[in-house]
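Computed from a predicted model, the values in this text were never measured in an experiment.
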Amino acid sequence: MITKYQIVQQNKGNLVIYTRNTSWTQPEGYRVHRNIQILKDKCERAGYQISRVYSESSSESPYKVRPVLKQMLKDAASGLFGVVVVWDVFTLSPDGEELQQIERELAEYGVELCSATEYFDVSTVEGMKVFKYMCKLLNTKHLSLSAMQGIPLSQVARWLIEDENKKGGDNDAKPCTTAKRPA
């Protein structure tokens, strides 16, 4: 008898794509189809096998009903794959708090979240900090600036982290041990 653990371990290398039409102004399915093709090409060129594509149209519902996303999370809980690839983080959610919840849920199941246009590695402290900043930026002016300029949101997050570090905080400069202290 095969255990659930064996199924999960066997499927850790499986990669899935999640995409949805994130704008009601675009023709239904246009962006989804384009993103799927580009993501498939990128993954296949890198040598990855895609086990499934989760695709849904934009949700105009005030209740954010996204059955395909729910199914993907359910499949992740079952251990059917180990990596989710999205075009950008907005694909999963335009809401920073919800995006963090989705990432935590995927991580709980041992599933890695990757983006074709944003670089972040939530397995490292620095990468998690960048991801959290990206989530904070989702509802700010930086998001529209980033989109208009074609700058990845992860880069804007890194600039803000760097700027914060220059102003002090956790990475404040320490005085030299040989420096004279005022009397």
**OP:** Please identify each residue that fulfils side chain to side chain contact (heavy atoms under 4.5 Å, CB included) with Glu97, with sequence neighbours left out.
**Re:**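 Expected list: Asp95.
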Subject >> Those residues that, when tested against Gln100, pass side chain to side chain contact (heavy atoms under 4.5 Å, CB included) (two or more places apart) >> reply: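 Listed in chain order: Arg104, Phe131, Lys132, Cys135.
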Original post:
Judged by atom type as modelled, is there a donor-acceptor pair below 3.5 Å linking the side chain of Ser51 to the main-chain atoms of Leu15?
Top reply: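 Pair found, side chain donor or acceptor close to backbone of Leu15.
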**OP:** Please confirm whether the backbone N or O of Leu80 pairs with a side-chain atom of Ser78, one donor and one acceptor, at under 3.5 Å?
**Re:**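 Flag not set: sc Ser78 to bb Leu80 has no pair under 3.5 Å.
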How close do [X] and [Y] get, heavy atom to heavy atom, and via which atoms?
| X | Y | answer |
| --- | --- | --- |
| Ile102 | Leu92 | CD1-O, 3.9 Å |
| Ser93 | Glu98 | OG-OE1, 2.6 Å |
| Glu56 | Val68 | OE1-N, 3.2 Å |

Side-chain touch [X]/[Y], heavy atoms, less than 4.5 angstrom:
| X | Y | result |
| --- | --- | --- |
| Ile161 | Val130 | yes |
| Phe120 | Ser115 | yes |
| Ile17 | Lys40 | yes |
| Val84 | Glu112 | no |

Gap separating the [atom1] atom of [X] from the [atom2] atom of [Y], nearest 0.5 angstrom:
| X | Y | atom1 | atom2 | result |
| --- | --- | --- | --- | --- |
| Glu126 | Met128 | CD | CE | 12.0 Å |
| Leu69 | Lys74 | CG | NZ | 13.5 Å |
| Met134 | Lys129 | CE | NZ | 15.0 Å |

**OP:** Evaluate the criterion side chain to side chain contact (heavy atoms under 4.5 Å, CB included) for residue pair Arg158 and Tyr119; output intermediate values, then yes/no.
**Re:** CA-CA 10 Å; Arg158 284 184 183 81; Tyr119 176 74; 3.0 Å; yes
Original post:
With hydrophobic residues grouped by side-chain heavy-atom distances under 4.5 Å, do Ile38 and Val85 end up in a single group?
Top reply: yes
**OP:** State whether a side-chain donor-acceptor pair under 3.5 Å links Asp88 with Thr91.
**Re:**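 Looking only at side-chain atoms, Thr91 and Asp88 do form a donor-acceptor pair, the distance falling under 3.5 Å.
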Original post:
Taking atom types as modelled, is there a side-chain donor on Glu44 or Tyr48 under 3.5 Å from an acceptor on the other?
Top reply: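 The criterion, which ignores hydrogens and geometry beyond distance, is not satisfied for Tyr48 and Glu44.
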**OP:** Please name all residues satisfying side chain to side chain donor-acceptor pair (under 3.5 Å) with Gln71, sequence neighbours left out, ordered by chain then number.
**Re:** Asp75
Subject >> Evaluation steps, side chain to side chain contact (heavy atoms under 4.5 Å, CB included), between Leu39 and Ile50 >> reply: CA-CA 10 Å; Leu39 289 172; Ile50 300 155; over 6 Å; no
**OP:** Show your reasoning for whether side chain to side chain contact (heavy atoms under 4.5 Å, CB included) applies to Tyr54 and Phe81.
**Re:** CA-CA 12 Å; Tyr54 294 90; Phe81 53 86; 3.6 Å; yes
Original post:
Passes side chain to side chain contact (heavy atoms under 4.5 Å, CB included), Val89 versus Thr117? Steps please.
Top reply: CA-CA 9 Å; Val89 292; Thr117 59; over 6 Å; no
